[in-house]
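What's counted below: heavy atoms across the whole structure, side chains too, no hydrogens, waters or symmetry copies.
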Amino acid sequence: INEECGSTKPASMKSTVWNEVADMGIAYDGDGDRVIMADGVGNTVDGDMIMAIIANYLKENDMLPDHRLVVTVMSNLGLRLAMKERGITLSETKVGDKNVMVEMDRTGAVIGGEQSGHIILSKYNPTGDGMLTSLMVLQIMLETGKSLAELSKIMTPLPQILRNVTVGRR
């Protein structure tokens with residue numbers, strides 16, 4: 001499943017967007033709970049960017065309770081800076097959608113997720129749903145008249161290295 005394709009390997013989707021001169025591309029993982037997108041020039045729009053787009057839209061439309069977004073420790077610093085600039089508070093959890101959902105329940109947040117594209121929109125579904133997330137982005141594009149490339153400028157991803165470190169004792 002998803003051999004050299006899908007949200008974990010978006011290269012073929014990105015090149016198809018570029019070659020077909022498409023407005024955007026959407027790639028899901030095998031069970032459809034994660035989504036990664038590509039803008040009209042083939043740039044990756046990951047879960048952090050997608051959450052930034054949706055959270056900002058919700059805030060601008062008074063639909064973001066407590067102006068809160070739940071993310072994991074793996075989220076990019078660029079997301080943190082962009083949300084701070086827009087008055088959106090981040091709650092940070094350990095990696096894992098279960099941890100995100102627990103924090104969403106605790107704080108009353110309506111959006112949370114991971115850089116991997118596993119995004120929870122709790123008003124509609126208590127778990128990640130790639131199709132729901134992509135439909136939300138499409139709705140935002142239609143309502144604002146902006147392309148995905150324009151919307152994704154909401155944040156600038158900063159260089160990031162994710163590395164597992166073995167420790168002798170916890």
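Counting only heavy atoms from C-beta outward, the side chains of Val137 and Leu148 approach each other to under 4.5 Å. Using a 4.5 Å cut-off on side-chain heavy atoms (C-beta onward), Thr93 and Val102 make no contact. Counting heavy atoms from C-beta on, the side chains of Thr72 and Asn99 never come closer than 4.5 Å. Looking only at side-chain heavy atoms (C-beta outward), Glu114 and Val95 come within less than 4.5 Å of each other. Taking 4.5 Å as the limit, every side-chain heavy atom of Met24 sits out of range of all side-chain heavy atoms of Ser147.
A distance of 11.0 Å separates CG in Leu138 from OG1 in Thr133, rounded to the nearest 0.5 Å. Considering CD of Glu150 and CD1 of Ile53, their distance stands at 11.0 Å, rounded to 0.5 Å. The CE atom of Met37 lies 11.5 Å from the OG atom of Ser7; values are rounded to the nearest 0.5 Å. The CG atom of Leu90 sits 9.0 Å away from atom CZ of Arg68, with the distance rounded to the nearest 0.5 Å.
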- Task: For Leu121 and Asp129, run side chain to side chain contact (heavy atoms under 4.5 Å, CB included): C-alpha distance rounded to whole Å, both residues' side-chain angles, the deciding distance at 0.1 Å, then the answer.
- Result: CA-CA 8 Å; Leu121 299 166; Asp129 185 322; over 6 Å; no

- Item | Test side-chain hydrogen bond (donor to acceptor under 3.5 Å, both in side chains) applied to Asn56 and Glu60, step by step | CA-CA 6 Å; Asn56 186 62; Glu60 287 180 347; 3.3 Å; yes

- Task: Start with the C-alpha gap between Ile111 and Leu64, add the side-chain angles, then the distance that decides, and say whether side chain to side chain contact (heavy atoms under 4.5 Å, CB included) holds.
- Result: CA-CA 8 Å; Ile111 179 173; Leu64 189 65; 3.7 Å; yes

- Test side chain to side chain contact (heavy atoms under 4.5 Å, CB included) applied to Met155 and Leu81, step by step: CA-CA 8 Å; Met155 70 166 274; Leu81 296 174; over 6 Å; no

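Tyr124 and Val110 fall within a single hydrophobic cluster, where Ile, Leu, Val, Met, Phe, Trp and Tyr side chains are chained together by heavy-atom contacts under 4.5 Å. Val17 and Leu151 fall into different hydrophobic clusters, where Ile, Leu, Val, Met, Phe, Trp and Tyr are joined by side-chain heavy atoms under 4.5 Å apart, directly or via other members. Note on Met141 and Tyr28: same hydrophobic cluster, where clusters join Ile, Leu, Val, Met, Phe, Trp and Tyr whose side-chain heavy atoms are under 4.5 Å apart, directly or indirectly. Hydrophobic clustering (side-chain heavy atoms under 4.5 Å, transitive across Ile, Leu, Val, Met, Phe, Trp, Tyr) keeps Val71 apart from Ile36. Residues Leu132 and Ile50 fall within the same hydrophobic cluster, defined by Ile, Leu, Val, Met, Phe, Trp and Tyr side chains chained together at heavy-atom separations under 4.5 Å.
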Side chains of residues 40-48: which donor-acceptor partners sit under 3.5 Å, not counting sequence neighbours?
unit_1: Asn43; atom_1: ND2; unit_2: Asp39; atom_2: OD2; d: 3.2
unit_1: Thr44; atom_1: OG1; unit_2: Lys14; atom_2: NZ; d: 3.0
unit_1: Asp46; atom_1: OD1; unit_2: Asp48; atom_2: N; d: 3.1
unit_1: Asp46; atom_1: OD1; unit_2: Met49; atom_2: N; d: 3.1
unit_1: Asp48; atom_1: OD1; unit_2: Ser75; atom_2: OG; d: 2.9
unit_1: Asp48; atom_1: OD2; unit_2: Asn76; atom_2: N; d: 2.7
unit_1: Asp48; atom_1: OD2; unit_2: Gln115; atom_2: NE2; d: 3.1

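Tested against Ile54, the residues Met63, Met136, Gln139 include a single side-chain contact (heavy atoms from CB on, under 4.5 Å) partner, Met136.
Contact record, Met83 with Ala52: CE-CB, 3.7 Å, taken as the closest heavy-atom pair. Nearest heavy-atom pair, Met104 versus Ile120, reported as atom, atom and distance to 0.1 Å: CE-O, 3.7 Å. Contact between Ala55 and Leu69 at its shortest, heavy atoms only, is CB-CD2, 4.3 Å. When all heavy atoms of Gly6 and Ala27 are compared, the pair lying nearest together is C-CB, 3.6 Å. Across all non-hydrogen atoms, the minimal contact from Gly113 to Met51 is N-SD, 3.3 Å. Residue Val100 comes nearest to Gly112 through the heavy atom pair CG1-C, 3.7 Å, listed as atom of the first residue, atom of the second, then distance.
No more than 12 heavy-atom neighbours from other residues, nucleotides or ligands sit within 6.0 angstrom of CG on Asp23. Other residues, nucleotides and ligands place no more than 12 heavy atoms under 6.0 Å from the CE atom of Met74.
Counting only distance, with no hydrogens or angles, the side chain of Lys59 and the backbone of Ile88 share no donor-acceptor pair below 3.5 Å.
With sequence neighbours excluded, no residue forms a side chain to side chain donor-acceptor pair (under 3.5 Å) with Asp97.
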